[in-house]
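What follows is a set of notes on a single structure, which appears directly below.
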Amino acid sequence: MAFKHLTIKDDGHIVRCTIANPPRHTFVSQSISEMHSLLNDLETNDQIRVLVLTGASDEYFIRHYEVTELVDVAEANIDSKKAPPTGPAEKLHGFNELCLRLENAPFMVVAALNGSAAGGGCEISLSCDFRLMKDGDFHYGLPETNVGILPGGGGTQRYARMLGTAKALDLIIHGTVLSPAEALDLGLIHRLYPATSFDQDVDAFVENLASRAPVALRSAKQSIRRGVDLPIDQALLHEQQAFDQTMVTEDAAKSMRAYLTASVQLGDMDFDFKGE
Amino acid sequence: MAFKHLTIKDDGHIVRCTIANPPRHTFVSQSISEMHSLLNDLETNDQIRVLVLTGASDEYFIRHYEVTELVDVAEANIDSKKAPPTGPAEKLHGFNELCLRLENAPFMVVAALNGSAAGGGCEISLSCDFRLMKDGDFHYGLPETNVGILPGGGGTQRYARMLGTAKALDLIIHGTVLSPAEALDLGLIHRLYPATSFDQDVDAFVENLASRAPVALRSAKQSIRRGVDLPIDQALLHEQQAFDQTMVTEDAAKSMRAYLTASVQLGDMDFDFKGE
Amino acid sequence: MAFKHLTIKDDGHIVRCTIANPPRHTFVSQSISEMHSLLNDLETNDQIRVLVLTGASDEYFIRHYEVTELVDVAEANIDSKKAPPTGPAEKLHGFNELCLRLENAPFMVVAALNGSAAGGGCEISLSCDFRLMKDGDFHYGLPETNVGILPGGGGTQRYARMLGTAKALDLIIHGTVLSPAEALDLGLIHRLYPATSFDQDVDAFVENLASRAPVALRSAKQSIRRGVDLPIDQALLHEQQAFDQTMVTEDAAKSMRAYLTASVQLGDMDFDFKGE
């Protein structure tokens with residue numbers, strides 16, 4: 001694949017995707033379609049254990065979705081006196097489809113936030129499994145209401161689920177962007193790494209993930225993602241499926257047997273998982 | 001409208017409603033019906049951007065729901081040997097209907113907690129979009145189980161959603177009331193203001209809210225409120241509707257264009273929103 | 001009842017159940033069936049107000065589910081080339097049924113965590129209403145992915161609901177176990193007591209619970225448990241039922257009347273509740 005906005009580095013178990021759009025560093029409609037193409041390939045490659053998304057510039061992961069595209073639509077709507085919609089949309093747009101694909105991908109997805117991420121850039125990262133941020137004079141958040149719109153790429157929903165409605169309302173209604181430390185404090189990002197060691201810290205995090213039991217990780221992710229939308233009794237039936245998926249793997253059988261033999265604490269295992 | 005318990009001050013975009021019931025400072029059945037009457041008017045007035053609820057006394061926002069009303073019902077139930085209900089209620093009572101109306105109102109609803117709020121007083125505030133509390137020797141919470149009942153005006157549900165079931169169970173089962181600082185720490189209240197500047201701090205908060213893009217705020221609130229009760233894919237369809245509602249407004253088109261021209265950070269916009 | 005793994009002490013309102021399985025201190029299939037037998041008795045005894053679960057050893061509440069049982073199944077699956085399941089399980093297994101019974105029991109269930117609890121031991125405690133932990137060199141958490149499986153006794157679901165998906169993914173994907181202080185900080189446990197006073201602190205906590213209004217506690221628990229799985233308007237109908245259940249009790253009528261007479265704060269009531 002030849003991409004305009006994406007640079008792909010495939011190390012077998014780990015795929016790194018660097019997103020670029022100089023000089024504005026925004027996400028555009030072509031970024032969406034390129035990401036879908038990438039996922040078409042990755043989703044059917046069962047060697048992939050981790051996908052890492054990062055930004056190409058020094059300042060931004062993704063600055064935000066390209067406002068030029070949005071304002072053109074809004075102005076055309078006004079010129080044509082388009083009426084506001086009277087019910088929920090009938091079909092998810094490509095950006096939301098992309099975020100759902102990341103959220104449900106059969107591998108871990110890590111956002112390596114090498115700089116600021118606002119609006120659509122923040123929303124992409126919210127659909128990743130892990131958010132690792134570089135410390136510095138960066139911002140993170142959903143400022144959309146400052147320009148009369150709202151987070152329309154999942155931001156209202158994923159904030160509300162991560163932070164609760166009280167905090168989500170506060171941040172979204174005020175269009176607040178956060179410092180990296182504030183984002184960490186709220187649990188929006190998982191790790192905050194010093195700028196000087198960010199690349200190595202991300203590599204270590206990602207390599208550790210890739211060394212862990214692939215079927216267990218994929219099934220655990222699937223169980224959590226599906227289960228939160230279901231009543232507890234139905235959620236448990238999905239969890240049982242996820243558990244049973246691990247119980248037919250050599251990785252589970254061999255590492256459990258090794259644990260019993262070694263008599264170590266469960267947290268201290270070191271095992272070479274094969275992904276089967 | 002002439003109210004016994006409510007005093008209304010309408011500044012155009014901002015409506016202030018002061019709730020009084022001296023000397024007990026409780027919420028009574030007539031308070032409920034007066035609030036419904038008020039909302040009948042406000043919901044159809046598209047000039048309203050913010051509704052502020054506050055209490056008239058120095059000590060209380062709302063002390064709690066009037067226990068005299070409740071104990072009369074309980075004693076009559078016992079005299080008539082009324083059996084406990086065997087299934088969920090068939091119809092929401094007026095207090096719950098009121099809270100849902102506040103939660104879904106097409107404007108921001110702010111509880112200016114000028115003093116203590118327990119039981120039903122706390123529950124009213126939990127259905128507001130923002131809770132701003134005066135610091136001092138006040139309490140906030142749901143003490144109902146101390147007198148053999150439980151929070152029956154949404155308290156068990158809104159606590160569980162805001163705090164998670166583990167913390168909600170702890171506070172409700174023990175009938176705990178919190179200091180303002182504890183309520184802030186748990187995220188139950190959004191802001192804690194010094195007593196000396198409370199009125200000005202509330203005014204500044206409310207005036208800022210009223211200056212922000214009305215359609216964006218209303219649609220963002222609607223998206224969050226509806227979405228948390230839906231599976232993520234359906235929730236995103238509602239969010240898309242909310243987003244599209246903003247995308248037919250002059251406020252969005254003009255402020256996005258201004259942002260592109262000025263090349264400022266999204267968080268630093270200053271724009272005169274018209275609500276259209 | 002004569003149990004191999006459980007020792008029962010019944011004080012009327014408070015039942016203490018000590019779980020033992022020396023020398024491994026794991027939970028085994030017979031532990032599950034014995035717990036079900038115990039609950040068969042307790043659920044129909046309306047004198048019970050609190051069930052306390054604790055571990056018999058100095059080191060463990062429950063070490064984890066017995067891995068020998070699991071690895072035998074996994075190895076048999078591999079020998080028979082069993083295929084992974086293609087849909088959710090059709091029936092909850094006995095461990096999940098047990099956890100749901102604890103969660104929905106008509107009395108308070110307290111986990112007195114006298115030592116470490118990992119995997120299935122942690123999962124049992126997550127389905128209790130309260131988790132009280134002894135401070136010391138203990139661990140708490142879900143390390144399953146370290147041995148190629150995942151928390152299959154409700155752990156992925158109850159972590160996600162208590163901590164949100166972002167934190168739940170982090171802890172489960174990394175198989176992290178926590179110190180008691182970390183578990184407290186995350187809100188996974190409710191109280192952390194010094195080792196020297198743990199037994200007395202647990203007794204005081206439990207006796208206080210048993211002194212509180214039984215119908216109110218049971219109904220509040222039921223309202224919270226049912227409501228979190230429902231949209232807010234339906235949840236409120238269940239809460240109204242729970243409230244109405246308390247409003248036919250002498251405990252409610254008499255303690256509310258006492259409150260009105262004494263004119264004390266709701267939090268300072270001291271009343272002899274009869275459970276009727």
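Letters A, B, ... are given to chains in the order of the sequence lines, protein chains preceding strands, and every chain is numbered from 1. These numbers come from the heavy atoms of this one structure, side chains and all, not from hydrogens, waters or symmetry mates.
- Under the 3.5 Å distance criterion, with hydrogens and angles disregarded, no donor-acceptor pair is assigned to the side chains of B:Thr165 and C:Arg161.
- For C:Asp201, the salt bridge (charged side-chain N to carboxylate O under 4.0 Å, His left out) criterion is met by no residue, not counting sequence neighbours.
- Residues B:Ala160 and C:Ile224 share a closest heavy-atom pair of CB-CG2, 4.1 Å.
- A salt bridge links B:Asp170 to C:Arg191: at least one charged side-chain nitrogen sits closer than 4.0 Å to a carboxylate oxygen.
- Between B:Glu75 and C:Ala253, the shortest heavy-atom distance links the atoms CG-CB, 4.0 Å.
- Checked by atom type, the side-chain pair C:Ser223/B:Gln157 shows a donor-acceptor distance below 3.5 Å.
- Taking the side chain as every heavy atom from C-beta outward, B:Lys167 and C:His190 never approach each other to under 4.5 Å.
- Considering only heavy-atom pairs separated by less than 4.5 Å from chain B, the leading option among C:Met108, C:His238, C:Met162 is C:His238.
- Of the two parts of C:Leu126, neither the backbone nor the side chain holds a non-hydrogen atom closer than 4.5 Å to a non-hydrogen atom of chain B.
- Residue contact with chain C, scored on non-hydrogen atoms closer than 4.5 Å, involves the side chain of B:Ile78 exclusively.
- The NE2 atom of B:His93 lies 9.5 Å from the CG atom of C:Leu237; values are rounded to the nearest 0.5 Å.
- Residue pairs satisfying the salt bridge (charged side-chain N to carboxylate O under 4.0 Å, His left out) criterion with at least one member in residues 107-134 of chain B, sequence neighbours excluded, are listed as follows: B:Asp129-B:Lys221, B:Asp129-B:Arg225.
- Here CG of B:Asn96 is found 10.0 Å from CZ of C:Phe243. Values are rounded to the nearest 0.5 Å.
- Interface remark: B:Ala83 contributes backbone atoms only to the contact with chain C (heavy atom separation under 4.5 Å).
- Within the 3.5 Å criterion, the main-chain N or O of B:Gly152 finds no donor-acceptor partner in the side chain of C:Gln240.
- Looking at B:Leu100, only its side chain comes within 4.5 Å of chain C, counting heavy atoms on both sides.
- For chain C, the nearby part of B:Glu90 is the backbone; its heavy atoms alone come within less than 4.5 Å.
- In this structure, B:Val147 and C:Tyr259 approach most closely via the heavy-atom pair CG1-CB, 3.9 Å.
- If you measure heavy-atom distances from B:Lys91 to chain C, the contacts under 4.5 Å come from the backbone alone.
- Contacts between B:Leu70 and chain C at a heavy-atom distance below 4.5 Å involve backbone atoms as well as side-chain atoms.
- Other residues, nucleotides and ligands place more than 12 heavy atoms under 6.0 Å from the CG atom of B:Asp79.
- Aromatic pair C:Phe205/B:His174: ring centres closer than 6.0 Å.
- At least one donor-acceptor pair closer than 3.5 Å links the side chain of C:Arg212 to the backbone N or O of B:Ile173.
- Taking C:Ala220, C:Gly164, C:Ser219, C:Ala235 one by one and counting their heavy-atom pairs under 4.5 Å with chain B, the maximum is reached by C:Ala235.
- In this structure, the separation between CD on B:Glu69 and CE on C:Met256 is 11.5 Å, given to the nearest 0.5 Å.
- At a 4.5 Å heavy-atom cutoff, C:Gln234 makes no contact with chain B through either its backbone or its side chain.
- Within residues 178-189 of chain B, no residue has any heavy atom less than 4.5 Å from a heavy atom of chain C.
- No other option in C:Asn208, C:Asp244, C:Leu236 has as many heavy-atom pairs under 4.5 Å with chain B as C:Leu236.
- Contacts of B:Thr86 with chain C are made by backbone atoms alone, with heavy-atom separations under 4.5 Å and no side-chain atom involved.
- Heavy-atom minimum distance, C:Gln241 versus B:Pro88: OE1-N, 3.3 Å.
- When each of B:Gly87, B:Ala168, B:Cys99 is scored by its heavy-atom pairs under 4.5 Å with chain C, the top score falls to B:Gly87.
- In terms of non-hydrogen atom pairs under 4.5 Å with chain C, the most contact-rich of B:Leu230, B:Asp72, B:Val71, B:Thr68 is B:Val71.
- Judged by distance alone, the side chain of C:Thr246 and the main-chain N or O of B:Ile149 form no donor-acceptor pair under 3.5 Å.
- Side-chain contact between C:Gln245 and B:Pro85 is present, with at least one heavy-atom pair separated by less than 4.5 Å.
- Looking at C:Val215, neither its backbone nor its side chain comes within 4.5 Å of chain B, counting heavy atoms on both sides.
- Here the CG atom belonging to B:Leu150 is positioned 12.0 Å from the CZ atom belonging to C:Arg218, to the nearest 0.5 angstrom.
- Counting heavy-atom pairs closer than 4.5 Å to chain B, the top-ranked of the candidates C:Asp233, C:Val228, C:Asp251 is C:Val228.
- Residue with the most contacts toward chain B among C:Met247, C:Glu239, C:Arg158: C:Glu239 (heavy-atom pairs, distance under 4.5 Å).
- Pairs of residues two or more places apart, or lying in two chains, never qualify as ring-ring contact (aromatic ring centres under 6.0 Å, His included) while including a residue from residues 140-160 of chain B.
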